[in-house]
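These notes concern the structure reproduced below.
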Amino acid sequence: MCKKSLRSSALLLLTAFIWGVAFVAQSVGMDYIGPFSFNGARFLMGSIVLLPLVFVRRKKDKDKGLPRAGLKVTLTGGICCGLALCSAALFQQIGIMYTTVGKAGFITTLYIIIVPIMSIFLGKKAGEKIWIGAVLAAAGMYLLCMSERLVLGKGDTYVFICAILFSVHILVIDHFSPKADGVELSCIQFLTAGVISSILAFIFEEPALQSFIDGIIPVAYAGIMSCGVAYTLQVVGQKNMDPTVASLILSMESVFSVLSGWIILGQALSAKEMFGCVMVFGAVVLVQLPDRKKEV
């Protein structure tokens with residue numbers, strides 16, 4: 001594996017870790033504010049956190065005489081990524097209100113199967129190793145997240161739509177990340193998602209300042225770490241990574257969410273869940289192994 005690919009894999013794995021811990025923050029945050037308000041606050045916070053970095057990077061590139069991506073492609077990419085991210089996050093938050101966390105976790109991570117299927121229609125062929133890894137990861141997710149019989153209800157439908165939208169988000173990032181600055185792209189996508197979520201919050205909820213103050217810790221973690229740091233790492237990490245492989249690495253967030261729930265919230269891991277963790281990790285390792293060179 002080349003150094004660039006290894007670096008990208010490490011960045012995406014760190015992204016998955018931050019997202020996994022963020023499940024705890026999301027769970028606690030919903031005790032104070034509604035899903036639209038929570039997403040609006042964290043996405044706007046993530047955008048604000050990145051603004052200083054955007055200006056610093058622009059100044060450094062200007063001083064070095066480095067070319068910058070055009071404003072049109074950056075805005076277009078950021079808005080498209082923001083629309084996909086906002087839609088996926090909102091469907092996930094709403095779905096969790098009507099289904100169990102176990103079902104939501106498994107259904108959401110179906111993007112590891114949906115991405116390679118979508119990629120086929122975009123002219124990108126997924127190798128045999130990728131498909132084996134995807135199936136192995138999906139089986140691991142089932143053991144990791146499912147504690148009851150899977151029956152697709154109202155909440156499950158919302159989360160399934162969320163999985164499709166997260167797949168679209170991964171592919172949109174794959175399209176725009178080589179053409180625009182990763183930090184600027186991330187900043188614009190958060191601003192787009194934050195504005196839309198905030199508008200929906202004022203329409204469907206009754207946001208109160210005290211509620212945000214009471215839930216500032218989970219909101220801050222979700223905004224600064226999950227948005228400002230993790231999504232930016234995702235954009236940067238996907239520059240040199242196949243989107244299907246990227247989705248498999250990012251699916252490790254479910255493993256980290258279970259582990260963080262065990263460490264932070266004291267939730268015990270069953271033997272079945274532990275085996276699911278091993279299967280998901282095995283899938284990620286499998287797709288990262290170099291292909292054997294064919295003998296001439």
Side-chain angles (χ1 to χ4, degrees), residues 14-54 78 81-101 104-105 108 155 158-159 162 165-166 169 183 185-235 250 253-254 256-267:
L14 179 57
T15 299
F17 172 76
I18 295 173
W19 283 346
V21 178
F23 270 96
V24 175
Q26 286 180 261
S27 177
V28 175
M30 291 288 285
D31 294 336
Y32 301 97
I33 53 181
F36 295 103
S37 299
F38 186 88
N39 282 340
R42 69 165 173 163
F43 287 138
L44 289 177
M45 188 177 294
S47 179
I48 293 172
V49 167
L50 289 180
L51 276 178
L53 185 57
V54 169
C81 290
L83 289 171
L85 173 61
C86 177
S87 302
L90 290 178
F91 271 101
Q92 183 185 56
Q93 288 295 109
I94 295 174
I96 289 175
M97 296 171 62
Y98 300 104
T99 189
T100 64
V101 173
T108 298
Y158 278 121
V159 181
C162 150
L165 293 172
F166 269 129
H169 183 242
V183 176
L185 196 67
S186 192
C187 185
I188 294 173
Q189 79 163 346
F190 293 143
L191 181 61
T192 301
V195 169
I196 295 174
S197 297
S198 297
I199 292 173
L200 293 174
F202 281 104
I203 294 175
F204 297 105
E205 300 171 355
E206 297 180 0
L209 180 59
Q210 187 59 47
S211 298
F212 286 101
I213 294 175
D214 294 338
I216 188 61
I217 294 179
V219 171
Y221 180 88
I224 297 173
M225 294 301 295
S226 182
C227 292
V229 176
Y231 275 107
T232 302
L233 291 177
Q234 180 195 11
V235 171
L250 294 174
E253 68 176 292
S254 281
F256 290 126
S257 69
V258 171
L259 293 175
S260 62
W262 173 45
I263 296 171
I264 300 173
L265 302 178
Q267 298 174 343

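Numbers for residues simply follow the sequence, beginning at 1.
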At their closest point, which heavy atom of [X] faces which heavy atom of [Y], and how far apart are they?
{"X": "V219", "Y": "R42", "result": "O-CB, 4.2 Å"}
{"X": "L185", "Y": "G78", "result": "CD1-N, 3.3 Å"}
{"X": "A222", "Y": "F38", "result": "CB-CZ, 3.8 Å"}
{"X": "G20", "Y": "S260", "result": "O-OG, 3.4 Å"}
{"X": "A41", "Y": "F212", "result": "CB-CE2, 3.7 Å"}

For the atom pair [atom1] ([X]) and [atom2] ([Y]), what is the distance rounded to the nearest 0.5 Å?
{"X": "I224", "Y": "I48", "atom1": "CD1", "atom2": "CD1", "value": "10.0 Å"}
{"X": "M225", "Y": "I18", "atom1": "CE", "atom2": "CD1", "value": "4.0 Å"}
{"X": "F91", "Y": "T108", "atom1": "CZ", "atom2": "OG1", "value": "12.5 Å"}
{"X": "F36", "Y": "C86", "atom1": "CZ", "atom2": "SG", "value": "9.0 Å"}
{"X": "I217", "Y": "Y32", "atom1": "CD1", "atom2": "OH", "value": "8.0 Å"}
{"X": "S186", "Y": "L85", "atom1": "OG", "atom2": "CG", "value": "8.5 Å"}

Quiz item: Hey, is CD on Q210 packed in by over 12 heavy atoms from elsewhere, all under 6.0 Å?
Solution: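 Enclosed: over 12 neighbouring heavy atoms sit under 6.0 Å from CD of Q210.
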Practice problem: Please say whether more than 12 non-hydrogen atoms of neighbouring residues, nucleotides or ligands are located less than 6.0 Å from CG in L51. | Solution: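 Correct, the count exceeds 12.
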Can you confirm whether [X] sits close enough to [Y] that some side-chain heavy atom of one is under 4.5 Å from a side-chain heavy atom of the other?
{"X": "Y221", "Y": "V24", "result": "no"}
{"X": "P35", "Y": "M30", "result": "yes"}
{"X": "W19", "Y": "L250", "result": "yes"}

Less than 3.5 Å apart, which donor and acceptor atoms pair up between the side chains of residues 188-199 and the rest of the protein, not counting sequence neighbours?
residue	atom	partner	partner atom	Å
Q189	OE1	H169	NE2	3.0
T192	OG1	I188	O	2.9
S197	OG	A193	O	2.8
S198	OG	G194	O	2.7

Practice problem: Please check if the side chain of Q93 supplies one atom and the backbone of N39 the other of a donor-acceptor pair under 3.5 Å. | Solution: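 Judged by distance alone, no pair lies under 3.5 Å.
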Quiz item: Checking E205 side chain against S37 main chain: does a donor-acceptor pair fall under 3.5 Å?
Solution: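 Side chain of E205 to backbone of S37: a pair is present.
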